[in-house]
Undergrad: 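I'd like to ask you about the structure that follows.
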Amino acid sequence: MTPIPTTELSVDDIQLGQFETWARPDREGLFAKLRAERPVSFHEEGEFPGVPKGPGFWSAVRYEDVVRVSRDSETFISGKGSNIGDLPVELLEFFGSMINMDAPRHTKLRKLVNRGFTPRVITSLEETVRSTAHRIVRDVAPKGSCDFVEEIAAALPLKIICDMMGIPEEDNRRMFELSNIILGIGDPEFGVTIDSLMGAAIELSQYAQALGEARLASPKEDITSVLMSADVDGERLAPSEFASFFILLVVAGNETTRNAISHGMKALTDFPDQRAKWQADFEGISPTAIEEIVRWATPVIHFRRTATRDVELAGTKIREGEKVVVWYNSANRDERAFPDPYRFDVMRTPNDHVGYGGGGAHFCLGANLARREIKAMFDELFRTLPDIRIVGEPDKLFSAFIHGIKRMRAEWTPPR
Ligand code: HEM
């Protein structure tokens, strides 16, 4: 059995709200200790320039509690925000899409945007996903080495989401930069301030509104056209609602899948026996390998809810109005739910991980698309660059929200 990580800190000294915590090498140990000793704990919020310090938050770190909070969306709502800090009102308009809504508005909007994510739509994308993965790998193949994150992992989800939305090729790069700003908050490299966050949100929003209006006037074969003309109970998406949804999709669809692929490649390098198993029977093992990559990576570290009534969670009293944060990273390593959780096992069964959420109303809308992208990319890599491996240590994103890798060198023998 792979050992459970530890920490020198006592449980009282673990501060999940402080940015510094996320740079600690014993991050896994902190969560293992909380799971063992204090499954629901209270933390002060960190300070971010330009935003008043919030009242603090409860943390659920065990699998069972993360699932319970996620599935009880009457007691634990999203409408007061899904990030730990409360967004300034100016920003709520841009980030106010479905992830920050509750029923009945959430249900209606989700029904509407589902039109763009039906199994039929996703199946019809299959060929594009495959040919895009093929082109990305073919283009880097002769080089023998590259930055895996930008040139391989990020390129696929970016191109797919841009194609789905009808964003022309020449604007793809800008979408990449803007989503990096939005999710790079807290990492000094991106120097994100409230002003730059606002700037990125306004730029994306204006872009989306113009795109939505253009498709309303003359529809094309893209999801923007489907969404702009979709009608649920006589209601359509207003251009501003479309713009918020667009921001959510560009951000949610890019960074998450990119990090799943990057962490997956790193894990396959670190555990060559698992890689050999998968390479020997790609089709047969893919369904479990892809789930294990997402459990292992847990690209989204947490989301927040707010209690609508006094409630008890793992024996701790939570009061109406208090914030409750669900830590997917910790639930996905919970020894109560996953035997030998620190072992990367491409054949892990069962594997009901919470990488896409704990199974409630907000369960990831793009999960099936993400699964297809991860599969297509490893299929292409194993075929064209069968000895590709990561060299050196990844340069990690400094964030409590996205489990990100910024850069990571890959090497392989160029095909003849
Ligand atoms: C490996 C890749 C991905 C991971 C790990 C991931 C993870 C998540 C998580 C944890 C949530 C919140 C679930 C909850 O609160 O219960 C979520 C929601 C969401 N995701 Fe993903 N996601 C991924 C890929 C994608 C892609 C490719 C798209 C779109 C193209 C997407 C679109 C969304 C949307 C729209 C929501 C909000 C759903 C709602 O509020 O009803 N995601 N995702």
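Sequential numbering from 1 along the given sequence is applied to the chain's residues. All of these numbers come straight from a predicted model, not from anything done at the bench.
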Undergrad: For E170, is the CD atom crowded, meaning more than 12 foreign heavy atoms sit under 6.0 Å from it?
TA: yes
Undergrad: Between D352 and Y63, do the side chains contain an N or O donor and an N or O acceptor separated by less than 3.5 Å?
TA: no
Undergrad: Which is it for H403 and V300 under the side-chain contact (heavy atoms from CB on, under 4.5 Å) test, yes or no, and what are the steps along the way?
TA: CA-CA 6 Å; H403 187 210; V300 179; over 6 Å; no
Undergrad: I need the minimum non-hydrogen distance between I293 and G264, along with the two atoms involved.
TA: CG2-CA, 3.9 Å
Undergrad: Please name the residue in the list R343, M347, Q279, E292 that meets the side-chain contact (heavy atoms from CB on, under 4.5 Å) test with Q274.
TA: R343
Undergrad: Return the orientation label for the W278 and F378 ring planes: parallel under 30°, perpendicular over 60°, tilted otherwise.
TA: tilted
Undergrad: Does either side chain, that of H134 or that of T132, offer a donor lying less than 3.5 Å from an acceptor on the other one?
TA: no
Undergrad: Within the side chain of T306, is there an N or O that forms a donor-acceptor pair under 3.5 Å with the backbone of G81?
TA: no
Undergrad: Checking S262 against N259 for the side-chain hydrogen bond (donor to acceptor under 3.5 Å, both in side chains) test, could you report, in this order, the C-alpha distance in whole Å, the side-chain angles of both residues, the deciding distance, and whether it holds?
TA: CA-CA 5 Å; S262 298; N259 284 309; 4.8 Å; no
Undergrad: Is atom CD of E335 surrounded by more than 12 heavy atoms (other residues, nucleotides or ligands) closer than 6.0 Å?
TA: yes
Undergrad: Please check this pair: side chain of S229 against backbone of S225, looking for a donor-acceptor N/O pair closer than 3.5 Å.
TA: yes
Undergrad: Do R409 and D147 meet the salt-bridge criterion of a basic N to acidic O distance under 4.0 Å?
TA: no
Undergrad: Does a salt bridge link D222 with K220, judged by any charged N lying under 4.0 Å from a carboxylate O?
TA: no
Undergrad: Check the angle between the aromatic planes of W22 and F31 and answer parallel, tilted or perpendicular using the 30° and 60° thresholds.
TA: tilted
Undergrad: Using the six-membered ring wherever Trp is involved, compare the ring planes of F57 and W327 and label them parallel, tilted or perpendicular (cut-offs 30° and 60°).
TA: tilted
Undergrad: Report yes if some heavy atom in the side chain of E177 is under 4.5 Å from a heavy atom in the side chain of I181; otherwise report no.
TA: no
Undergrad: Would you mind checking if K80 and D102 are paired as a salt bridge, meaning a charged N to carboxylate O distance below 4.0 Å?
TA: no
Undergrad: Quick one: do R304 and D86 satisfy salt bridge (charged side-chain N to carboxylate O under 4.0 Å, His left out)? Show the steps, please.
TA: CA-CA 10 Å; R304 167 202 143 195; D86 295 302; 3.0 Å; yes
Undergrad: Under a 4.0 Å N-O cut-off, is there an ion pair linking R383 with D379?
TA: yes
Undergrad: Locate the shortest heavy-atom distance separating A260 from I374; write the atom from each residue and the value.
TA: CB-CD1, 3.9 Å
Undergrad: Measure the spacing between CD1 of I161 and CD1 of I223 and express it to the nearest 0.5 Å.
TA: 7.0 Å
Undergrad: Where is the tightest heavy-atom contact between D26 and E8, given as atom of each residue plus distance?
TA: OD2-N, 4.4 Å
Undergrad: Using every non-hydrogen atom in the two residues, find where I4 and A32 come nearest and quote the distance to one decimal.
TA: CG2-CB, 3.8 Å
Undergrad: For S10 and D13, does a side-chain donor sit closer than 3.5 Å to a side-chain acceptor?
TA: yes
Undergrad: Could you tell me whether the side chain of S179 and the main chain of F176 form a donor-acceptor pair under 3.5 Å?
TA: yes
Undergrad: Is the closest side-chain heavy-atom distance between W58 and S41 below 4.5 Å?
TA: no
Undergrad: Are the side chain of S205 and the backbone of I202 linked by a donor-acceptor contact shorter than 3.5 Å?
TA: no
Undergrad: Does R173 pair with E150 as a salt bridge, N-O distance under 4.0 Å?
TA: yes
Undergrad: So do the side chains of I405 and L397 get within less than 4.5 Å of each other, counting heavy atoms only?
TA: no
Undergrad: Which one of Q18, K53, K323 satisfies the side chain to side chain donor-acceptor pair (under 3.5 Å) criterion with E45?
TA: K323
Undergrad: Take atom NZ of K396 as the centre, draw a 6.0 Å sphere, and report whether it contains more than 12 heavy atoms from other residues, nucleotides or ligands.
TA: no
Undergrad: Hey, is the main chain of T193 close enough, under 3.5 Å, to the side chain of S196 for a donor-acceptor pair?
TA: yes
Undergrad: Between D270 and F344, does a side-chain contact (heavy atoms from CB on, under 4.5 Å) hold up when you go through it step by step?
TA: CA-CA 9 Å; D270 292 347; F344 178 71; over 6 Å; no
Undergrad: Could you tell me whether the side chain of E241 and the main chain of A238 form a donor-acceptor pair under 3.5 Å?
TA: yes
Undergrad: Would R333 and W296 count as a cation-pi pair here, with the cationic atom under 6.0 angstrom from the ring centre and within 45° of the axis?
TA: yes
Undergrad: Would you check if there is a donor-acceptor pair between the side chains of R35 and S330 at a distance under 3.5 Å?
TA: yes
Undergrad: Where do M164 and L369 come nearest, in terms of heavy atoms and distance?
TA: SD-CD2, 3.6 Å
Undergrad: Does atom CD (E74) have a neighbourhood of more than 12 heavy atoms from anything else shown, all under 6.0 Å?
TA: no
Undergrad: Under a plain distance cut-off of 3.5 Å, with no hydrogens placed, do N100 and S82 share a side-chain donor-acceptor pair?
TA: yes
Undergrad: Regarding T75 and R309, do their side chains bring together a donor and an acceptor under 3.5 Å, going by distance alone?
TA: yes
Undergrad: Ignoring hydrogens, what is the shortest heavy-atom contact between G355 and V294? Give both atom names and the distance.
TA: CA-CG1, 4.1 Å
Undergrad: Near E44 CD, under 6.0 Å, is it more than 12 heavy atoms from other residues, nucleotides or ligands?
TA: no
Undergrad: As a quick check of understanding, evaluate side-chain contact (heavy atoms from CB on, under 4.5 Å) for I388 and F148, giving each step before the final call.
TA: CA-CA 10 Å; I388 185 169; F148 186 87; 4.1 Å; yes
Undergrad: Would a 4.5 Å heavy-atom cut-off, applied to side chains only, mark T288 and R348 as touching?
TA: no
Undergrad: I'd like to know if the side chain of K266 reaches the main chain of P394, judged simply by a donor and an acceptor atom lying under 3.5 Å from each other, with no hydrogens or angles considered.
TA: no
Undergrad: Determine whether the side chains of H362 and S78 contain a donor N or O and an acceptor N or O closer than 3.5 Å.
TA: yes
Undergrad: Less than 4.0 angstrom from a charged side-chain N to a carboxylate O is my criterion; do K277 and D281 meet it?
TA: no
Undergrad: Could E380 and R130 be called an ion pair, given the rule that one side-chain N must be under 4.0 Å from one carboxylate O?
TA: no
Undergrad: Working note: E291 + R371, criterion salt bridge (charged side-chain N to carboxylate O under 4.0 Å, His left out); need CA distance, chi angles, decisive distance, verdict.
TA: CA-CA 8 Å; E291 295 312 311; R371 289 181 179 116; 2.7 Å; yes
Undergrad: Where do R24 and T7 land on the side-chain contact (heavy atoms from CB on, under 4.5 Å) test, with the steps shown first?
TA: CA-CA 10 Å; R24 293 182 63 97; T7 176; 4.3 Å; yes
Undergrad: So, does T107 use its side chain to make a donor-acceptor pair with the main chain of A103 at under 3.5 Å?
TA: no
Undergrad: Go through it in stages, so that I can follow the logic: the residues are R407 and E189, the test is salt bridge (charged side-chain N to carboxylate O under 4.0 Å, His left out), and I'd like the CA-CA distance, side-chain angles, deciding distance and then a yes or no.
TA: CA-CA 12 Å; R407 278 171 289 273; E189 177 176 333; 2.8 Å; yes
Undergrad: Is it true that E283 and K375 make a salt bridge, defined as a side-chain N closer than 4.0 Å to a carboxylate O?
TA: yes
Undergrad: So N351 and R295, do their side chains get closer than 4.5 Å, heavy atoms only?
TA: yes
Undergrad: Is there a donor-acceptor pair under 3.5 Å between the side chain of T21 and the backbone N or O of L16?
TA: no
Undergrad: I'd like to know whether Y328 forms a ring pair (Phe, Tyr, Trp, His ring centres under 6.0 Å) with H302, so could you lay out the CA-CA distance, the side-chain angles of the two residues, the decisive distance to 0.1 Å, and finally the verdict.
TA: CA-CA 6 Å; Y328 305 122; H302 72 259; 8.2 Å; no
